[in-house]
K.L.:
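My questions all concern the structure below.
Quick note on labels: first sequence line is chain A, next is B, and so on, each numbered from 1.
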Amino acid sequence: MPTGPTGCGGRPLVAEPAGRSRSRTLNRRELVRWGALVLAIGIVVVFLAAQKSSTTVSYKTSPVGRNYVEGAAGELSGAVLPTVEEMERRVAADQVVVLDGAVARWDTALIEDMIRGTDERILVAPPGLTDVQQKDLARVESATIRVVGTDVSGISSSTLPEWQHQFITRDITFLLVARIAIDQDSPAPSVVGPVEWRPPTTAELAPAVRELSSGTDLFVAPGATLTKIPADAEHAFPPGRVLYAAFPYQPRGEPVPDFGTALTAAFPDTPVVVMYGSWVGYYGPGQADFADVVAAGYFGPYGDRLGRFEYPQLNVLGTYLDQMTNMRYAGVYDLPLPYRPVDPLALALPALPWVFGLCVVVFLALSVTPLVQGRTAAARPGGGTGSAARLAGLTSLAVEMSALTGSAGNPSLTRGIRRLQSATEALAGNLPVRQVKLQLDRAETELAATARALGRPDYQPSAYLAGLSR
Amino acid sequence: MTWSWLIWPVGVVLIAAAGYSATYLARRRTRDLLRRTAWNNARAAIEAAGVSRDAAPTTVEEAELLYRRAELIAADHGGLAAAREATDHADRADRLWRAAARG
């Protein structure tokens, strides 16, 4: 005869696996819910971390380096200045004093005409002075205009023709004229026109064409200091051949041979970079589009230093090409760029809000549905069918026993029936299964006592329920 | 795309609201269930004790006192603690009356 717990009946056991799978789906659902929350928080963190603002706006990061060491570019000429006293003495003696090593050229007759009868004192020093030498020069107080290299104190070139005069021929006439006019409070006479160009003679052009046709990309005319093509030159142009031709400073006041145009005619569709002294010009494809822009962008900021110092042509050209590279990488001219791997974060960022929104919706849905379904779900408590069967069995036992009880069995049977009522109430009120079972257990105890008092072992609840479920 | 940033604050608020309401409602439901369970227990105990009193051959003063106190507490319909106290009193009264019934 089965006893004890099996008295709960065979049927309740049927409900067990169903309950377990229910809790398993519940767990998976919770997992998805919390996963969505964690993912959403992670996305917010990524989004916030990506919210960096920068004042640097660039199409791509240019490869040009920014480290510059004073004096390392070979800009010092090693020129020696006289003592300050000596210079003071010479400036006091002459209106125009030209120190040894000075390179600037100007229309001497015009300038002498202009300063005759004024107290202008012009001191012309060589380029490439050290900091100390420049300070010495500044201590020569009687000089009203100091020229270092081709840099005139108090004034500087600001247009392409002016830069061309200053860096192709070292002609500073226009700067001196303008400066003197400022000093004398008189309108500046216009003395500077565009640089005059002439086609180079066949004899001038032949060596360059011959050299460049032989396969090398670099032609250095006698007197020019360029030694090689700068290392970073390939960034400045799309892949392909680029020709470089370097010439020395040109004589002042004479038309300049236009090697750039001539070489472009000899080598069509090939970029040509031509140097005269400290001047760099670009010729060839796209010349009209950006040659002037690059030149202005280069000589604008660097013109003062180019005039004051004696940079080797290699460094002048290198910086010019860097400027060109910066322009190109700024995306202004739609030139093709070298391949750069894509940034996955940059690609993913636009999708983040949508993924985040999805996570919110999932979390919201999984959080709210149990609340909405809560009442109906609670109406089907787990194992409820088992408890209901047991309740029904015990109730019918109580009914059967109530017909047999005398006064001795009454109290325990009544208490059992009260407990059964409580269990019914608990079942109807959606109370936890444990509570229903507790009341049923109590009822069973009372009914068992009743059965003992009646002397009817077949009315023992365990035996009775086992008989019912058989 | 100017409105698209709204998804962040709105999403955060929704998540917070959903989490709060889910937690709060679940907790409130649990508390309610616990309270009802406790009162179900208490009422059952009081009724059982009442049966025992009717069946007791003699009057047990202490049990009467406990029983009346339990009924008073139940009449007030308090919270969890009150229900447990009422259950406790009723159970003790029940035991006393049963002991009296056994003699």
K.L.:
What is the minimum heavy-atom distance between A/Arg33 and B/Ala22, and which atoms define it?
P.N.:
NH2-CB, 3.5 Å
K.L.:
If I measure from the heavy atoms of chain B, does A/Arg434 come under 4.5 Å with its side chain, its backbone, both, or neither?
P.N.:
neither
K.L.:
Give a yes or no answer on whether the side chain of B/Arg36 reaches the backbone of A/Gly429 with a donor-acceptor pair at less than 3.5 Å.
P.N.:
yes
K.L.:
Among A/Pro353, A/Ala36, A/Ala423, A/Gly416, which residue forms the greatest number of heavy-atom pairs with chain B at distances under 4.5 Å?
P.N.:
A/Pro353
K.L.:
Check the surroundings of atom CZ in B/Arg98: do more than 12 heavy atoms from other residues, nucleotides or ligands lie under 6.0 Å from it?
P.N.:
yes
K.L.:
Ignoring hydrogens and geometry beyond distance, is a side-chain donor-acceptor pair present between A/Arg415 and B/Ser52 at under 3.5 Å?
P.N.:
yes
K.L.:
Please look at B/Val10 and chain A and tell me whether the side chain, the backbone, both or neither of the residue comes under 4.5 angstrom of a heavy atom of that chain.
P.N.:
neither
K.L.:
With a 4.5 angstrom heavy-atom cut-off, could you sort out which part of B/Asp94 is near chain A: side chain, backbone, both or neither?
P.N.:
side chain
K.L.:
Is B/Ile15 close to A/Leu364 at the side-chain level, that is, under 4.5 Å between some pair of heavy atoms?
P.N.:
no
K.L.:
Taking side chain as everything from C-beta outward and backbone as N, CA, C, O, which of these in A/Leu438 sits under 4.5 Å from a heavy atom of chain B? Side chain, backbone, both or neither.
P.N.:
side chain
K.L.:
What's the spacing between A/Leu431 CG and B/Thr37 OG1 if we round to 0.5 Å?
P.N.:
4.0 Å
K.L.:
Which heavy-atom pair separates B/Ala44 from A/Gln439 by the least distance, and what is that distance?
P.N.:
CB-OE1, 3.7 Å
K.L.:
Has the side chain of B/Asn40 got a donor or acceptor atom that lies under 3.5 Å from a matching backbone atom of A/Glu425?
P.N.:
no
K.L.:
In sequence, state the C-alpha distance, the side-chain angles, and the governing distance for A/Phe356 and B/Val12, and then conclude on side chain to side chain contact (heavy atoms under 4.5 Å, CB included).
P.N.:
CA-CA 10 Å; A/Phe356 173 74; B/Val12 167; 4.2 Å; yes
K.L.:
Tell me, do B/Asp54 and A/Pro411 make a side-chain contact under 4.5 Å, heavy atoms counted?
P.N.:
no
K.L.:
Quick check for you: to the nearest 0.5 Å, what is the distance between B/Leu14 atom CG and A/Ser367 atom OG?
P.N.:
10.5 Å
K.L.:
I'd like to know whether A/Arg418 forms a side chain to side chain contact (heavy atoms under 4.5 Å, CB included) with B/Ile46, so could you lay out the CA-CA distance, the side-chain angles of the two residues, the decisive distance to 0.1 Å, and finally the verdict.
P.N.:
CA-CA 10 Å; A/Arg418 290 287 152 94; B/Ile46 290 171; over 6 Å; no
K.L.:
Taking all heavy atoms of B/Ala18 and all of A/Phe363, pick out the closest pair and write down the distance.
P.N.:
CB-CE2, 3.9 Å
K.L.:
Answer whether the closest heavy-atom distance between the side chains of A/Ile43 and B/Trp8 falls below 4.5 Å.
P.N.:
yes
K.L.:
Do A/Thr414 and B/Glu47 have side chains that get closer than 4.5 Å, going by heavy atoms?
P.N.:
no
K.L.:
Could you give the distance from CG (A/Asn430) to CG (B/Leu33), rounded to the nearest 0.5 Å?
P.N.:
8.0 Å
